[in-house]
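Shown next, in structure tokens, is the structure this report addresses.
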Amino acid sequence: MDDRTYTADAAPGGTVTVAGWVHEIRDLGGIAFVILRDTTGRIQVKFEKEEMDDDLVETGLGLSRESVVSVTGDVEEEPRAPTGVEITPESVEVLSAADTELPLDPTGKVDAELPTRLDNRTLDLRREAGQAIFSIRGEILRAVREAFREANATEINTSKIVATGTEGGTELFPITYFGREAFMNQSPQLFKQLAAGSNLERVFETGPIFRAEEHNTPRHLNEATSIDFEGAFCDDDDAMEICESIVVAAYEGVAENCADELEALGIDEEFTVPERPFPRLSYEETIERINALGVLDDQLVWGDDLPTEGETALGADVGRHYFITDWPAEVKPFYIMDHDDDEALSTGFDLMHPRMELVSGGQREHRYEKLIEGLEAQGLDPEAFEYYTRAFRYGMPPHAGWAIGGERLIMTMLELDNIREAVLFPRDRQRLSP
RNA sequence: GCCCGGGUGGUGUAGUGGCCCAUCAUACGACCCUGUCACGGUCGUGACGCGGGUUCAAAUCCCGCCUCGGGCGCCA
């Protein structure tokens with residue numbers, strides 16, 4: 001297909017071969033128009049019945065929508081055509097005929113519900129808005145990688161099959177590994193710490209994480225993409241600064257390179273890059289502010305988790321990205337370090353978007369004895385984590401890091417109603433295919 | 001895990017006991033139309049998730065199942 005020209009590059013004055021999908025057919029009688037679509041856009045192909053070969057006309061008008069065709073012909077300037085140029089075909093080859101009665105309408109004239117769209121994802125992504133989400137997703141990953149590189153972090157890939165049960169917090173998917181019990185990894189947390197303790201010092205990873213929670217909400221997935229960072233000789237403040245810079249880089253990349261996509265999603269007007277630094281609220285200030293908003297039946301007290309309703313109300317009140325810092329040590333996992341001056345307070349932080357939690361992070365406990373104490377305090381068996389804790393006996397620098405819920409970043413950035421829209425083939429409680 | 005609400009042609013919908021052999025749009029098929037750009041026009045095909053029950057009468061009420069969405073919890 002060396003001689004294929006993209007529709008966007010089909011310039012007047014030459015003969016080209018374009019290939020793509022039949023977007024629409026408009027038969028006006030003596031003249032008919034076929035709109036051909038490819039990844040770069042659309043072009044109109046003209047069929048004048050009186051003046052053209054009967055076989056050619058028959059092929060052209062016999063096409064079904066979404067069939068894949070290759071069209072060779074002269075490109076002419078034509079002010080009456082949608083893009084100002086038009087192809088008069090010499091030959092039309094049907095590469096793949098589409099069945100009629102499509103399961104959804106790629107022109108977007110008729111809506112389709114999310115399950116219908118996910119069952120027919122290929123057709124769904126022929127819609128402009130569908131395509132836009134994944135072009136932007138690609139841009140976010142590109143921008144994030146570049147920003148990590150500027151922060152001297154090395155990209156790593158860690159195993160998704162793990163032996164130890166849990167590091168806390170969530171249900172895991174059990175699997176059988178050559179007859180042994182194993183699990184799908186809930187997070188690269190422990191591995192990235194082991195990597196940060198090496199000469200790499202700063203590492204990042206974008207990869208899948210698996211959570212076996214049977215939740216059914218528009219903001220949870222059972223397989224999600226985690227954007228992880230871990231840096232040696234970083235404290236919680238350093239980690240938050242790097243976190244801000246990565247989030248802002250993602251927004252900047254999209255602002256710079258995805259204008260058409262934002263327009264297709266109808267959010268080009270309001271799209272703004274968040275300003276740094278993000279406000280920081282301590283956990284204590286957070287619960288006080290939520291209580292003051294008066295949205296909860298019961299006032300929050302120290303040690304409570306933040307209920308969704310309070311989180312939403314506070315998000316609306318703050319109106320932008322913000323950090324919640326200084327969480328009670330008891331609600332954070334064993335690997336999060338406590339403050340030296342107050343062991344009831346942890347260095348853990350969350351980055352919040354007004355709609356939901358986006359990131360959790362913190363400084364890590366790098367002192368071997370404290371780490372073992374922490375495991376025991378949370379009822380975990382230090383023996384089971386020996387593969388992890390042993391590195392802490394051989395020179396583990398102070399370090400800190402965080403993880404962004406990748407789909408949540410996309411969902412909040414693009415104002416998507418449902419997180420499944422941000423994943424090509426989402427895994428939720430019901431859906432295992434495609 | 002607890003709770004709530006849905007499922008009507010291919011798609012998206014209207015329809016809360018008789019006015020429904022079911023509305024509208026789009027798609028699909030046939031015909032008319034030489035500049036459409038959500039082309040237009042005429043005609044046509046096509047559906048009440050599955051099973052049971054109540055009733056003279058069920059898309060509509062009840063029960064079970066399947067299935068989808070949402071709220072909470074937990075989490076990112």
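Throughout, a chain's letter reflects where its sequence line sits, starting with A, and its residues are numbered from 1. Only a predicted model underlies this, so the values are computations on that prediction, with no experimental measurement involved.
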**Request:** May I ask you to say what A:Glu214 touches in the nucleic acid, namely base, sugar-phosphate or nothing, with a heavy-atom cut-off under 4.0 Å?
**Result:** base

**Message:** Donor-acceptor check, side chain of A:Glu86 to backbone of A:Glu77, threshold 3.5 angstrom: yes or no?
**Reply:** no

**Prompt:** B:U26 pairs with which nucleotide, Watson-Crick or G-U wobble, both distances below 3.5 Å?
**Reply:** B:G10

**Fill in**
Per side chain to side chain contact (heavy atoms under 4.5 Å, CB included), A:Ile419 is matched among A:His220, A:Met411, A:Met356 by A:Met411

**Prompt:** Hey, does the side-chain of A:Gln44 have a donor or acceptor N/O within less than 3.5 Å of a partner on the base of B:U36?
**Reply:** yes

**Asked** When you measure from the side chain of A:Pro218, which nucleotide among B:U26, B:G70, B:A76 comes out closest?
**Response** B:G70

**Prompt:** On a whole-Å scale, what distance lies between the P atoms belonging to B:A14 and B:G73?
**Reply:** 31 Å

**Request:** Select one nucleotide: of B:A76, B:G35, B:C74, the one nearest the side-chain heavy atoms of A:Asp305.
**Result:** B:C74

**Request:** Scan A:Pro82 against the nucleic acid and name what it touches under 4.0 Å (heavy atoms): base, sugar-phosphate only, or nothing.
**Result:** base

**Asked** Please give, in whole Å, the distance from B:C32 C1' to A:Asp27 CG?
**Response** 10 Å

**Message:** Let's test your reading of the model: under 3.5 Å, does the base of B:C75 pair with the side chain of A:His220 as donor and acceptor?
**Reply:** yes

**Message:** Considering every strand and a 4.0 Å limit on heavy-atom distances, what is the contact class for A:Leu104: base, sugar-phosphate, or nothing?
**Reply:** nothing

**Message:** Just the rounded figure in Å: distance from P of B:A76 to CD1 of A:Ile410.
**Reply:** 18 Å

**Request:** Could you tell me whether the phosphate oxygens of B:G12, OP1 or OP2, come under 4.0 Å of any side-chain nitrogen or oxygen in A:Thr116?
**Result:** yes

**Asked** Within less than 4.0 Å of OP1 or OP2 of B:G71, is there a side-chain N or O belonging to A:Thr308?
**Response** no

**Message:** Can you see if the side chain of A:Lys109 gets near the phosphate of B:A27 - specifically, an N or O under 4.0 Å from OP1 or OP2?
**Reply:** yes

**Asked** Do the charged groups of A:Asp105 and A:Arg65 touch, with an N to O distance under 4.0 Å?
**Response** yes

**Message:** If you only use heavy atoms from C-beta on, which nucleotide in B:U11, B:G29, B:A76 is closest to the side chain of A:Ala112?
**Reply:** B:U11

**Complete:** By nearest-heavy-atom nucleotide on RNA chain B, the more 5' of A:Arg431 and A:Ile25 is A:Ile25

**Asked** Which nucleotide in the list B:U11, B:C74, B:G35 gets nearest to the side chain of A:Leu28?
**Response** B:G35

**Item:** Rounded C1' spacing from B:U36 to B:U67 in Å
**Value:** 42 Å

**Prompt:** Is there a donor-acceptor pair closer than 3.5 Å between any side-chain N or O of A:Arg408 and the backbone N or O of A:Glu357?
**Reply:** yes

**Request:** Give none if B:C72 has no partner; otherwise give the nucleotide forming a Watson-Crick or G-U wobble pair with it, both distances under 3.5 Å.
**Result:** B:G1

**Prompt:** Are A:Arg427 and A:Glu407 within salt-bridge range, i.e. N to O under 4.0 Å?
**Reply:** no

**Request:** Just call it for A:Glu113: base, sugar-phosphate, or nothing, with non-hydrogen atoms closer than 4.0 Å on any strand.
**Result:** sugar-phosphate

**Rounded C1' spacing from B:G49 to B:U55 in Å** = 23 Å

**Asked** Any N or O donor-acceptor pair linking the side chain of A:Glu86 to the base of B:G35 at under 3.5 Å?
**Response** yes

**Asked** When the P atoms of B:C20 and B:C31 are considered, how many whole Å apart are they?
**Response** 33 Å

**Message:** So, applying side chain to side chain contact (heavy atoms under 4.5 Å, CB included) with A:Leu345, which one of A:Asp338, A:Asp326, A:Thr325 is it?
**Reply:** A:Asp326

**Asked** Taking the C1' atom of each, how far is B:C37 from B:U42, in whole Å?
**Response** 23 Å

**For B:G18, the Watson-Crick or wobble counterpart (both distances under 3.5 Å)** = B:C56

**Asked** What integer number of Å spans the C1' atoms of B:C48 and B:C72?
**Response** 33 Å

**Message:** If we ignore hydrogens and angles and just use 3.5 Å, is the side chain of A:Glu223 paired with the main-chain N or O of A:Ile209 as donor and acceptor?
**Reply:** no

**Asked** Could you state the CD-P distance from A:Gln430 to B:G6, rounded to the nearest angstrom?
**Response** 18 Å

**Request:** Before accepting this row, confirm whether a basic side-chain N of the pair A:Lys49/A:Asp54 lies closer than 4.0 Å to the acidic partner's carboxylate O.
**Result:** no

**Side chain to side chain, A:Arg320 and A:Pro279, heavy atoms closer than 4.5 Å** = yes

**Prompt:** So what does A:Lys49 touch, heavy atoms closer than 4.0 Å: a base, only the sugar-phosphate, or nothing?
**Reply:** nothing

**Request:** Would you classify A:Ala32 as touching base, sugar-phosphate or nothing, given that sugar-phosphate means primed atoms plus P, OP1 and OP2, and contacts are heavy atoms under 4.0 Å?
**Result:** nothing

**Request:** With heavy atoms under 4.0 Å as the rule, sort A:Arg420 into base, sugar-phosphate or nothing.
**Result:** sugar-phosphate

**Message:** Students often get this wrong, so: under 4.0 angstrom with heavy atoms, is A:Ala403 touching a base, only sugar-phosphate, or nothing?
**Reply:** nothing

**Donor-acceptor contact present, side-chain A:Arg202 to main-chain A:Ala151, <3.5 Å** = yes

**Asked** To the nearest Å, how far apart are A:Asp111 CG and B:A27 P?
**Response** 14 Å

**Asked** Contact class for A:Leu358 (heavy atom, under 4.0 Å): base, sugar-phosphate, or nothing?
**Response** sugar-phosphate

**Prompt:** Checking all strands, does A:Asn216 fall into the base, sugar-phosphate, or nothing category for heavy-atom contacts under 4.0 angstrom?
**Reply:** base

**Message:** From CZ of A:Arg211 over to C1' of B:G73, roughly how many Å is that when rounded to an integer?
**Reply:** 16 Å

**Message:** Among B:G35, B:U11, B:A76, which nucleotide has an atom closest to any side-chain atom of A:Val110?
**Reply:** B:U11

**Prompt:** With a non-hydrogen cut-off below 4.0 angstrom, is A:Thr217 in contact with a base, only sugar-phosphate, or nothing?
**Reply:** base

**Prompt:** If you measure from the P atom in B:G64 to the same atom in B:G10, how many Å do you get, rounded?
**Reply:** 29 Å

**Prompt:** Would you say the side chain of A:Arg219 and the base of B:A76 hold a donor-acceptor pair, judged only by whether the two atoms sit under 3.5 Å apart?
**Reply:** no

**Fill in**
Side-chain contact check for A:Arg429: nearest option of B:U26, B:C75, B:G1 is B:G1

**Distance, C1' atom - from B:C68 to B:G29, rounded to whole angstrom** = 32 Å

**Asked** Does B:C50 pair with anything, Watson-Crick or G-U wobble, both distances under 3.5 Å, and if so, with which nucleotide?
**Response** B:G64

**Prompt:** Could you state the CE-P distance from A:Met356 to B:C72, rounded to the nearest angstrom?
**Reply:** 11 Å

**Prompt:** RNA chain B: A:Pro307 or A:Ala224, which has the more 5' nearest nucleotide?
**Reply:** A:Pro307

**Request:** May I have the distance from A:Glu66 (atom CD) to B:U11 (atom P), rounded to whole angstrom?
**Result:** 16 Å

**Message:** Need the pair for B:G35. Rule: Watson-Crick or G-U wobble, both distances under 3.5 Å, any strand; none if unpaired.
**Reply:** none

**Asked** How many Å lie between CH2 on A:Trp327 and P on B:C75, as a whole number?
**Response** 10 Å

